[in-house]
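Here's the structure, in structure tokens; my notes come after.
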There are 2 protein chains.
Amino acid sequence: MEQRYMQIGQAAERTGLTQRTLRFYEEKRLLNPPTRMEGGFRLYSEEDIQRIEHILQLKQNLGFSLADIREMLEAEEAISALKAQFREFSTEQKIESLENATRVIEGQMGLIERKIDQLSSMRDFWQQKRAKYNQRVKEIQDEQTSINVTS
Amino acid sequence: MEQRYMQIGQAAERTGLTQRTLRFYEEKRLLNPPTRMEGGFRLYSEEDIQRIEHILQLKQNLGFSLADIREMLEAEEAISALKAQFREFSTEQKIESLENATRVIEGQMGLIERKIDQLSSMRDFWQQKRAKYNQRVKEIQDEQTSINVTS
DNA sequence: TTTGACCTTGACGTAAAGGGAAGGTTCCAG
DNA sequence: CTGGAACCTTCCCTTTACGTCAAGGTCAAA
């Protein structure tokens, strides 16, 4: 499988992070140690980039700490590890591991949905305020118009 | 206007924050200096509590820093300050200040909506994964059933 | 083989968001 | 009018999430 690699500078540019941050995430074990060139330069694959973007989603949208994110990534990895052994499982084991995975997923979805709900209610709140202000503008403009007409 | 006040302990309990955090937010001017008892004990009104809850929404759901939140609260206060003088404004001033307020509101709504969009796409992603797993479970169960039947 | 861009680790620095404890004051129930 | 709970300020400490050098090694093109 021919892979297209990039160095840390480009990876940083792609993700909008700094090189320091990429190294830091690696140190904190959010990123698996990337492949290296003979001289030691880090090489990032497209897959690595996606993982980074995944991390950023969790961080920026859900507001998790890096420690939390690491746990979540580990849970996901545990699932794919199971997947690899899947063929050798008994039917019961298969079902159990699938249901396990489902539970993990539903946990994540629960978090996301709660957040969406709260955001929606915030949006509605502002939405109403805006409507009120627009209404006021219209009222004032109508007033103004009627004065112009009668004058 | 008779007000029902509570001390910092109860305010902390109500909001789920610590007393330290409440004092800290006050120090950072996210909260207006609360009224005090003669001896110096802080007294929080229901309004204060709501402001705190507002702050928590901004912090937890939108992930803003306290500094950002302070700016946003100040913008909101600027709006209500205008409101107080509203009667004395010329028609043009009225319209301008209303449109100004609308712009602030739309800024907030934009942030919220972007966040909702991103969360929605995350939800869809997990949603699909879950559906796939559920499908697999069903397949396996069906297999199992047919074996039982034929055996 | 040199040059300049790019990269390495390591050490130290720092802003944000509080935690915790000392030492003193206030409140109020008994 | 007193004892204990609740609160006050002040000061220093900690964690998280990186930023910022410094001193040196690597890569690729000329």
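In the text below, chain A, chain B and the rest are named by the order of the sequence lines, each starting its count at 1. The shown structure was predicted, so the numbers you read here are calculated from the model rather than taken from an experiment.
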Report the nucleotide, chosen from dC18(D), dG18(C), dT8(C), that has the shortest atom-to-atom distance to any side-chain atom of Ile8(A). dT8(C)
Can you work out whether Phe41(B) or Glu38(A) has the more 5'-proximal nearest nucleotide on DNA chain D? Phe41(B)
OP1, OP2 of dA17(D) versus side-chain N and O of Tyr25(A): anything below 4.0 Å? no
Send over the distance from Ile55(A) CD1 to dA17(D) P, rounded to a whole Å. 12 Å
Whole-Å distance separating the OH atom of Tyr5(A) from the P atom of dC7(C): 17 Å
Nearest-Å distance for atom pair CD/P, residues Glu26(A) and dC18(D): 15 Å
Send over the distance from Leu66(B) CG to dG18(C) C1', rounded to a whole Å. 9 Å
With respect to the side chain of Gln7(B), which nucleotide from dC7(D), dC8(D), dC7(C) is positioned closest? dC7(D)
Check: dT9(C) base within 3.5 Å donor-acceptor of Arg23(A) side chain: no
Side chain of Arg20(B) only, heavy atoms from C-beta on: which candidate in dG18(C), dA17(D), dC7(D) is closest? dG18(C)
Taking CD1 from Ile69(A) and C1' from dA17(D), how many angstroms apart are they, rounded to a whole number? 11 Å
Nearest heavy-atom approach of Leu17(B) to Leu56(B) is CD2-CD2, 3.9 Å
Which listed nucleotide (dA17(D), dT8(C), dG18(C)) is nearest to the side chain of Phe24(B)? dG18(C)
Whole-Å distance separating the CE atom of Met37(B) from the P atom of dC8(D): 10 Å
Any side-chain N or O of Thr21(A) below 4.0 angstrom from OP1/OP2 of dG19(D)? yes
Could you state the atom-to-atom distance from CD of Gln19(A) to C1' of dA22(D) in whole Å? 16 Å
So does Glu47(A) have more than 12 non-hydrogen atoms from other groups sitting under 6.0 Å from CD? no
Please indicate whether Arg36(B) has more than 12 foreign heavy atoms, meaning atoms of other residues, nucleotides or ligands, lying under 6.0 Å from its CZ. yes
Just N and O in the side chain of Lys59(B): are any of them under 4.0 Å from OP1 or OP2 of dA16(C)? no
Would you indicate whether Glu13(B), at its atom CD, is surrounded by more than 12 heavy atoms from other residues, nucleotides or ligands within a distance under 6.0 Å? no
If you count every heavy atom of other residues, nucleotides or ligands that lies below 6.0 Å from Glu96(B) atom CD, does the total exceed 12? no
Take atom CG of Leu17(A) and atom P of dC18(D), then tell me their distance rounded to the nearest Å. 8 Å
From the set dC8(D), dA17(D), dG19(D), return the single nucleotide nearest to any side-chain atom of Thr18(A). dG19(D)
